[in-house]
Amino acid sequence: MCGIFGYVGDRRNAGTLVVEGLKNLEYRGYDSWGVACKDGGALHVRKDIGRIGNVDSSEFDHDCGIAIAHTRWATHGGVTQINAHPHLSCDGTIAVIHNGIVENYEKIRSDLKKKGHVFLSETDTEVIPHLIEEEYRRTKDFAAAVRSACLRFEGRYAILALHTESNTLVAARTGSPLIVGVEHSSTPNPSSGGGGETSPSSRGGRSRRMEVNGYFIASDIPAFLEHTNTVQYLDDGEMVVTDGKGILFSDIQTGRERPKREVEITWSVEQAQKGDFEHYMLKEIMDQKESIARAVNQSEEQILKVAKAIREAKGTFLVGCGTAGKACMAAEYFFSVIAEKHVNFAPASEFKLYHHFLKSESLLIVVSQSGETADVLEAMRVAKAKGSTVLAIVNVEGSTIAREADSILLINAGPERAVASTKALTGQLAVLLLIAYALADNLREGRMLLLETCAKINDMLNPRYVERLRDFAEHIKNEEDLYIIGKSWNYPMALESAIKIQEVSYVHAEGFAGGELKHGPIALIEEGTPCIALIGNDEVTQDMLSNAMELKARGASIIGVSPERYGVFDEWIKVPNAGAAQAIVNIIPIQVLAYFLAVKRGKDPDMPRNLAKSVTVK
Ligand code: M6R
C-alpha cells in the first residue's frame, strides 16, 4: 500500500530518477502521485491525481541530488491533489512521504493546531512534516527531529523526509517495508582498509571496500533494481540517515547505532520487466512454465526438516491472506490425502483469536508472496508471543516476514508485479505439496509428480490454448455472474478462481464447494448461468459430476475444467491429468480466462481498482 522511493547521491538527475523508479512500484498504489526535489536550497514539489506511470519524468530534470517520490493508495482522505504526498511543513522546508497509518494523528494534529500549525489536507500523513518542523525548532538537527517525531507516532508507517537546509535523506520504519539500495562506484575506496565493519556503509564480508556513490531508499526492490543489486534491510523500529556517501542505521527508541550488512540480491532487471507482453499479469502466468520447477527445486534437507517439525509439533497452523490463503487451504487437503495429517488453516486476519490454542510446541506456517502483508505479520507476532515456531514460505527474500520467521522456504517465482497473484500461488502450492509428500516419507515421488506436472504445464500453455481461452472470454465477457465449484483441493481453487475473476474483470464471481450449492446458493442459478466446474481424476470426480448435473438441471451452462470430457459439460477446457497436483494445473486456465475477461471488458488487469499489490495495513 503506497510506494515510496528516495535517492541521495552523486547523480544530478535525482528527480527524474525517482519518478522513473517509482513507476516500478506503481502496483503498490495508483490513485495519485507526488515528487519533491531539492535543488540547492529550493524545493520543487509536484503532485497530482492519477498514475505515476503516465508522468513524463523529464519534467523533473532539475539539477538535484536529493529527491523523494510517492504513489498513493488512499486510506485517510479522498483521492485529491491536496491529499497526495509529499506533504510539507508550514514553512515549506520539510517534505515527507509516507506509507502506513499514523493512528493517533488526530491528537497530534489538534496539539499542533494549538501551536499555530495550519493543515491543508485530510490525511494522517500531514502531521508528520509539521511535527518534525516543531521538533526541528527545538533541536536544530533534522535527523534528531525526525526521530523525536517518530517517537510520538502510533501505528504502522514507513517515511522518507528531506529538509531544504540538510543534505541528508532521513527514513524510518515501523511495520511498513523500507529497503536501502547501495550504489558503489567501480573503483575501490582508497580510504577504507580490508575486513571488519567499521562504518555503517562498509561492505561486510568483502576484503576491499568500494566507494559509495549514492543510496536509494524504497518500499520495494524493483524501484532501484536497474541501478544496484546491493541492499541493506531496515528492520522495524529503525531509522536511517544518509548523505549519499555514508549511511547510519539506528534504533528509533534508543538512538543507538545498528550495524548493517550489505546483501546481494539475485533478481535481475529482466525478470522484473514485462518484456514483449502487454501486461505483467499475462507475463507472470506464462512464467509458470519455469517458475513452478524453480519452486520444486528445494533443498531436500530443508523440506525434510520442515516435515520433521510438523511431525513433532503439537498442532500446525497454516496462515495466509487472499490467494496465499487459498494455497494454505489447499494444503489442508494435501496433508490429509497424502500424509494423513491434520493441519489447521486460518486466514491471517482471523488468526489473532487462535492464540488460545497456541503453545510453545505449536508450529505456524505462514505463506506470503510479498513477505510484507500486515495481517500475516500480526499472526506471526501472536504466535511468537506464545513461544511457537514460525516457518515462512515466501517469494521475496529479505522481506519482513522472511526476516522475522525462524526459518524460511523460498518459492523462487521471481518478481511478481501484477496485483493479481498467479505464479506465486502455483509456487506456494508446489512447495506445500512437497512438504506433504515428505511428511508421508515419499518426497521423491512428490518431486517426480511435480516435475512431470511442470512439463505438462509447459505443453498446455501453448499459443493455441491461450487463444482458445481468449475466444472463450469474448464469449462470456458480458455475463453478470459466474459461479465456480470444486471439491477437495479444487474447492480452494474455486475460491481462488473467484478472486482472480473478481479482482481483474469486476465480474461478480463466487466459488463454492460443489456439494454446498444445494444448501442455498443453487437458488441463484437461472437459465444459462455460467458455472465452472474444476474437476480432477480422483476420489471425488463422481461427486463433482453429480454436482455439475444438479446445476445443469436448473439451467446452468457448465464449463468443465478437467482432464476428461464429460457429457454434462457445455464447454470443456482441457487440462492435463496431474493427480495430487491437479489444483496447480486447474487454476492456470482460470488465470488466463480472468486476464482476458479483464482485457475484453476494457479493464487494466495489472492495476485493478481499489487494490494494491502488497497489503501493509490491517
Ligand atoms: O503478498 P501476500 O501473498 O501476502 O498477499 C496476500 C494477498 O493480499 C494476495 O494474495 C491478494 O489476495 C492477491 N491480490 C490476489 O490475487
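Whatever order the structure lists ligands and atoms in, that order sets their numbers, starting from 1.
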Heavy atom of the protein closest to atom 7 (C) of ligand 1 (residue, atom name, distance): Cys321 O, 3.5 Å
Atom 1 (O) of ligand 1: nearest protein contact (heavy atom, Å): Ser370 OG, 2.6 Å
Lys423 backbone acceptor or donor facing Glu284 side chain under 3.5 Å: no
Shortest reach to atom 5 (O) of ligand 1 by a heavy atom, considering only Val394, Thr373, Ile393: Thr373
Electrostatic pair Arg417-Asp606, nearest N-O below 4.0 angstrom: no
Structural part of Thr323 in contact with ligand 1, heavy atom criterion under 4.0 angstrom: both
Heavy-atom side-chain contact between Thr125 and Ile159 under 4.5 Å: no
Sub-4.0 Å atoms of ligand 1 with respect to non-hydrogen atoms of Gly322: 12 (O)
Atom indices of ligand 1 within 4.0 angstrom of Ala420 heavy atoms, with elements: 16 (O)
Heavy-atom side-chain contact between Asp481 and Leu524 under 4.5 Å: no
Which atom of Val504 lies closest to which atom of Lys603, heavy atoms considered: O-CB, 3.6 Å
Sub-4.0 Å atoms of ligand 1 with respect to non-hydrogen atoms of Ala324: 3 (O), 10 (O)
Protein contact of atom 8 (O) of ligand 1 - nearest heavy atom, named by residue and atom, plus distance: Val615 CG2, 3.9 Å
Mode of Glu372 contact toward ligand 1 - side chain, backbone, both, neither (heavy atoms, under 4.0 Å): neither
Distance from atom 16 (O) of ligand 1 to nearest protein heavy atom, with residue and atom: Glu503 OE2, 2.4 Å
Sub-4.0 Å heavy-atom approach of Val376 to ligand 1: no
4.5 Å side-chain heavy-atom contact, Arg381 and Glu404: yes
Protein residue, atom and distance nearest to atom 13 (C) of ligand 1, heavy-atom basis: Val419 O, 3.7 Å
Aromatic ring proximity, centroids under 6.0 angstrom, Phe334 and Trp489: yes
Proximal ligand 1 atoms for Gln369, defined as those under 4.0 Å from one of its heavy atoms: 1 (O), 2 (P), 3 (O), 4 (O)
Glu510 side chain reached by Leu482 side chain, heavy atoms, under 4.5 Å: no
